[in-house]
Amino acid sequence: MSSPVLNVHRLKTAFATDDGEVTVVNDIDFHVNAGEVLGIVGESGCGKSVTSLSVMGLLPANGKVHGDIVFKGENLARASDQKMRSIRGNEIAMIFQEPMTSLNPVFTIGSQLIEALKIHKKMSKKQAQQLAIAKLKEVGLPRAEELMKDFPHQLSGGMRQRVMIAMAMMCSPQLLIADEPTTALDVTIQAQILELMTKLNSETDTAIMMITHDLGVVAEMCQRVVVMYAGKIVEEADVVSLFKNPKHPYTVGLIRSVPDMRGKKERLYSIPGNVPKPGSIQTGCQFAPRCEHAMERCFQETPELTSLAEAQKVRCWLYVESKGEGAVDRTIS
Ligand code: SF4
């Protein structure tokens, strides 16, 4: 098994607000192995994006990180701004849902691609240009030489996302964080972008942390999955176990919400209720108000993440023996 390129331990991210400190990511542990694709899944407001911004050191000024974010032996949670600037876009790259938020509209594609190389690699302008053209070709963009002179608004959404992937891959990062990279794209373009990312992952061995609400993306790309709910990890499993034998009622609900094109025409399931506001539930399981398996204990005590099998962990009282602390496996629907 390959070793972790990123190790996150007891990460807690909180924001100072007028109403006091609000914890959005609450004591999570996970790792990303070299070369693997890890999915981080959950509805909006579960803390997935804040987790990725914490890793990148891109939180707004009122955000604060506690815990350890260890990347290649360096604890990013305590790294200086200068150190983070040398890692971002170089050893760790990120792509976002909407490429226009990252591309500067007043600079050409070429100058923006070359910028990353000028910052992180000692390279002549000519070498940088050649590499930029090669990367644009690698991500499947036609007429790469002319594209270097184009401005972002001259490209379609799918092309812009390909440019973003090319830009992210310019410095051959060890870790690529992709935050909902296909959500803003048409379905056919989504499939092409996922295929491209899978190809880059297998060809370059870059690990990918895929932040998504879309279980289709997870099934397509990921080897392991972390399911987040209300700032906590509620289930962690390899992708086959997660889909074949989901344990947490939230994971079961997410999977039931995916339309089944082969089945009878039934009303599409949706998990009742909404993700609670951070800090609004102080006691018990955060999912209890929405859970059809909730018991009295669920509203009073907070379950811990429990190992059921080597690669599967779940945070739910259904899997804890009532008297002792041992784990008990079962199947729910
Ligand atoms: S701990 Fe209770 S409320 Fe929470 S997911 Fe499990 S059964 Fe549902």
Side-chain angles (χ1 to χ4, degrees), residues 8 10-14 22-30 38-51 211-215 218-219 222 224-258 260 267-333:
V8 171
R10 305 209 67 174
L11 173 67
K12 188 171 166 184
T13 306
V22 173
T23 302
V24 175
V25 172
N26 198 351
D27 203 9
I28 66 169
D29 289 81
F30 69 91
L38 174 78
I40 301 196
V41 188
E43 295 162 285
S44 298
C46 282
K48 321 179 292 283
S49 294
V50 172
T51 301
I211 312 285
T212 182
H213 70 281
D214 186 340
L215 286 173
V218 172
C222 302
R224 279 192 313 118
V225 192
V226 160
V227 182
M228 282 189 77
Y229 185 77
K232 283 185 179 287
I233 291 175
V234 294
E235 184 156 2
E236 186 181 331
D238 64 90
V239 73
V240 175
S241 305
L242 192 95
F243 282 97
K244 266 181 113 175
N245 199 6
K247 296 296 181 190
H248 197 280
Y250 180 58
T251 315
V252 173
L254 287 178
I255 293 173
R256 275 177 70 194
S257 312
V258 177
D260 182 356
R267 200 182 166 86
L268 191 60
Y269 175 80
S270 72
I271 303 170
N274 296 304
V275 179
K277 278 201 182 125
S280 62
I281 298 177
Q282 296 289 337
T283 317
C285 170
Q286 300 278 316
F287 191 58
R290 304 174 74 187
C291 180
E292 56 192 62
H293 300 275
M295 308 164 275
E296 213 180 310
R297 184 183 196 182
C298 305
F299 293 92
Q300 292 157 358
E301 297 171 64
T302 308
E304 295 294 324
L305 203 59
T306 309
S307 287
L308 294 179
E310 200 189 318
Q312 194 157 19
K313 294 178 188 165
V314 63
R315 183 188 297 278
C316 174
W317 287 124
L318 289 174
Y319 303 94
V320 178
E321 280 177 6
S322 54
K323 293 194 191 75
E325 292 308 311
V328 48
D329 201 355
R330 64 175 85 228
T331 302
I332 60 165
S333 59

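Note that ligands are numbered from 1 as they come in the structure, with each ligand's atoms numbered from 1 the same way.
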Exercise. State plainly whether the residues Asp27 and Arg10 are in salt-bridge range, i.e. N to O under 4.0 Å.
Key: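 Salt bridge flag = yes for Arg10 with Asp27.
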
Quiz item: Got more than 12 heavy atoms from elsewhere within 6.0 Å of CD, Glu304?
Solution: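 Result for CD/Glu304: open.
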
Quiz prompt | More than 12 heavy atoms of other groups within 6.0 Å of Lys232 NZ | solution =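 Yes, because the 6.0 Å sphere around NZ of Lys232 holds more than 12 heavy atoms from other groups.
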
Quiz item: Of Glu235, Glu43, Arg290, which is the lone residue that meets side-chain hydrogen bond (donor to acceptor under 3.5 Å, both in side chains) with Tyr250?
Solution: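 Exactly one candidate clears the test, Glu43.
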
Quiz item: Which ligand 1 atoms does His248 reach within 4.0 Å, using its non-hydrogen atoms?
Solution: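 The list of qualifying atoms is 5 (S).
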
Quiz item: How about atom 2 (Fe) of ligand 1, which protein N, O or S atoms come within less than 2.8 Å?
Solution: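 Listed by chain and number: Cys298 SG.
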
Practice problem: Quick one: list whatever passes side chain to side chain donor-acceptor pair (under 3.5 Å) with Thr13, sequence neighbours left out. | Solution: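 Residues passing side chain to side chain donor-acceptor pair (under 3.5 Å) with Thr13: Ser54.
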
Self-check item: Spacing of Ile40 atom CD1 and Thr51 atom OG1 [to the nearest 0.5 Å]
Solution: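 That separation rounds to 6.0 Å.
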
